[in-house]
Amino acid sequence: MHKFLRAAGFSMYTKKKDIEKLLDLLERQPSITKCVQVDEESNVCEMRAEVAPGLGISIVGELNEEGNFEREYYFPYLESNVVGSTEECSVQRHTEKETYSGMVDENRVGITLIFYIQNFLDFREKMLDKEHHSRIGSVCFSGMSIGGKVLLPIKKSQKQIQKAKVSAKERSSLIEAAKNGDEDAMETLTIEDIDLYSQISRRAMKEDLYSIIDSCFMPCGVECDQYSIIGEITGIETKENRVSGELVYDLTISCSDMVFHVGIAQKDLMGEPKAGRRFKGQIWMQGTAKFAEA
């Protein structure tokens, strides 16, 4: 069973035989079917079964010699049309199967953001096209979560909000300069981090941790495309899984000045989501690569 299957509204599917029946059902009514011939002997085919607008399961396999589809693996997906990053993106294939991870040096979160590429067949097709070289111009991010909480917002004045935006831009510029070898920028970042640690240590003695930390974005666990986040909820859409009848929240999250979608089953979210409140949880980060002609 895929760990994040319940995030698409399939929480009752826990046994292998039930999941096999579900996949058999979805294979008979796919929303999108795509097949790419990798070489003379092998191909990769994907069936996308949408269970709610922008939410579904991708079933991947290959066509055998008789032309029948042979299923190999599947994963839940949540589509996003919000551009999350326009930084340079590099891609690497996973060892075991025809899946890919994307990597973006995103200064706003201060780390190399690694994500699972949703439209991997589009990327594979572009790789096979030797005549037209394409590059990834932008990435639209979305996350799947199987457990989260709604936190109250931190009260801030308009002046504090503007000051935070200016500070974030300055920090992003310093990180970029530090990457290019600017020693002054490195020193400034080090001093800022020491001051910040000192301030947090003092405030943590008297205040709740979540009233100090407004947002965070950090790697979680050993899998490099999973993150622990705290971000502001800026939009909420409730979707009903047409197969299971379960309700799924599609939350628009603003975290560290980066905007993306998060899908979570209604029963897995503690609290009532509202715009302005914050979401805290662990997510599996996916991304749709948008191509630009080189």
Q.
side-chain contact (heavy atoms from CB on, under 4.5 Å), that's the test. Do Glu237 and Thr252 meet it? Break it down for me.
A. CA-CA 8 Å; Glu237 187 179 351; Thr252 306; over 6 Å; no
By side chain to side chain donor-acceptor pair (under 3.5 Å), which residues pair with [X], not counting sequence neighbours?
X: Thr112; result: Asp105
X: Asn64; result: Glu70
X: Arg28; result: none
X: Asp257; result: none

**Q.** Partner of Phe141 under ring pair (Phe, Tyr, Trp, His ring centres under 6.0 Å), chosen from Phe115, Phe217, Tyr116
**A.** Phe115
Q) Which distance, rounded to the nearest 0.5 Å, do you find between the CZ of Phe291 and the CZ of Arg135? A) 11.5 Å
Tell me every residue that passes ring-ring contact (aromatic ring centres under 6.0 Å, His included) with [X], counting only those two or more places apart in sequence or in another chain.
X: Phe120; value: none
X: Phe260; value: none
X: Tyr74; value: none

Q | Six-ring centre of Tyr77, Arg48 cation under 6.0 angstrom, axis tolerance 45° | A | yes
Q. Do the side chains of Asp214 and Arg278 get nearer than 4.5 Å, heavy atoms only?
A. yes
Minimum heavy-atom separation for [X] and [Y], please, with both atom names.
X: Cys216; Y: Cys255; answer: O-SG, 3.1 Å
X: Val248; Y: Ala7; answer: CG1-O, 3.5 Å
X: Gly9; Y: Glu246; answer: O-CD, 3.4 Å

Q. Could you give all pairs that pass the side-chain hydrogen bond (donor to acceptor under 3.5 Å, both in side chains) test and reach residues 219-231, with sequence neighbours left out?
A. Glu223-Gln226, Asp225-Trp284, Gln226-Gln282
Atom pairs and distances, side-chain donor-acceptor, residues 17-26, under 3.5 Å, sequence neighbours left out:
unit_1	atom_1	unit_2	atom_2	d
Glu20	OE1	Arg71	NH2	2.4
Asp24	OD1	Arg71	NH1	3.0
Asp24	OD1	Arg71	NH2	3.4

Q) In terms of side-chain heavy atoms, does Gln92 have a donor or acceptor partner in Ser101 at a distance below 3.5 Å? A) no
Q. So, Gln118 versus Ser142: side-chain donor-acceptor pair below 3.5 Å or not?
A. yes
Q | Non-neighbouring partners of Glu98 that pass salt bridge (Lys or Arg N to Asp or Glu O under 4.0 Å), sequence neighbours left out | A |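 Glu98 satisfies salt bridge (Lys or Arg N to Asp or Glu O under 4.0 Å) with Arg93, Arg124 once adjacent residues are dropped.
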(Q) I'd like to check the salt bridge (Lys or Arg N to Asp or Glu O under 4.0 Å) partners of Arg6; sequence neighbours left out, ordered by chain and number. (A) Asp268
Q. Of Val262, Leu78, Ile229, which is the lone residue that meets side chain to side chain contact (heavy atoms under 4.5 Å, CB included) with Ser145?
A. Val262
Q: Group every Ile, Leu, Val, Met, Phe, Trp and Tyr by side-chain heavy-atom contacts under 4.5 Å, then state whether Ile59 and Ile32 land in the same group.
A: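 As far as the 4.5 Å side-chain criterion goes, Ile32 and Ile59 are not connected within one cluster.
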Q) If two hydrophobic side chains count as joined below 4.5 Å and joins carry through other members, does Ile253 share a cluster with Met218? A) no
Show me, pair by pair, the donor-acceptor contacts under 3.5 angstrom made by side chains of residues 270-277, not counting sequence neighbours?
unit_1	atom_1	unit_2	atom_2	d
Arg277	NH1	Glu272	O	2.8

Q) Under 2.5 Å between the SG atoms of Cys35 and Cys45: is that the case? A) yes
Q.
Run Met258 and Leu113 through side-chain contact (heavy atoms from CB on, under 4.5 Å) and show every step you take.
A. CA-CA 12 Å; Met258 212 173 76; Leu113 199 159; 3.4 Å; yes
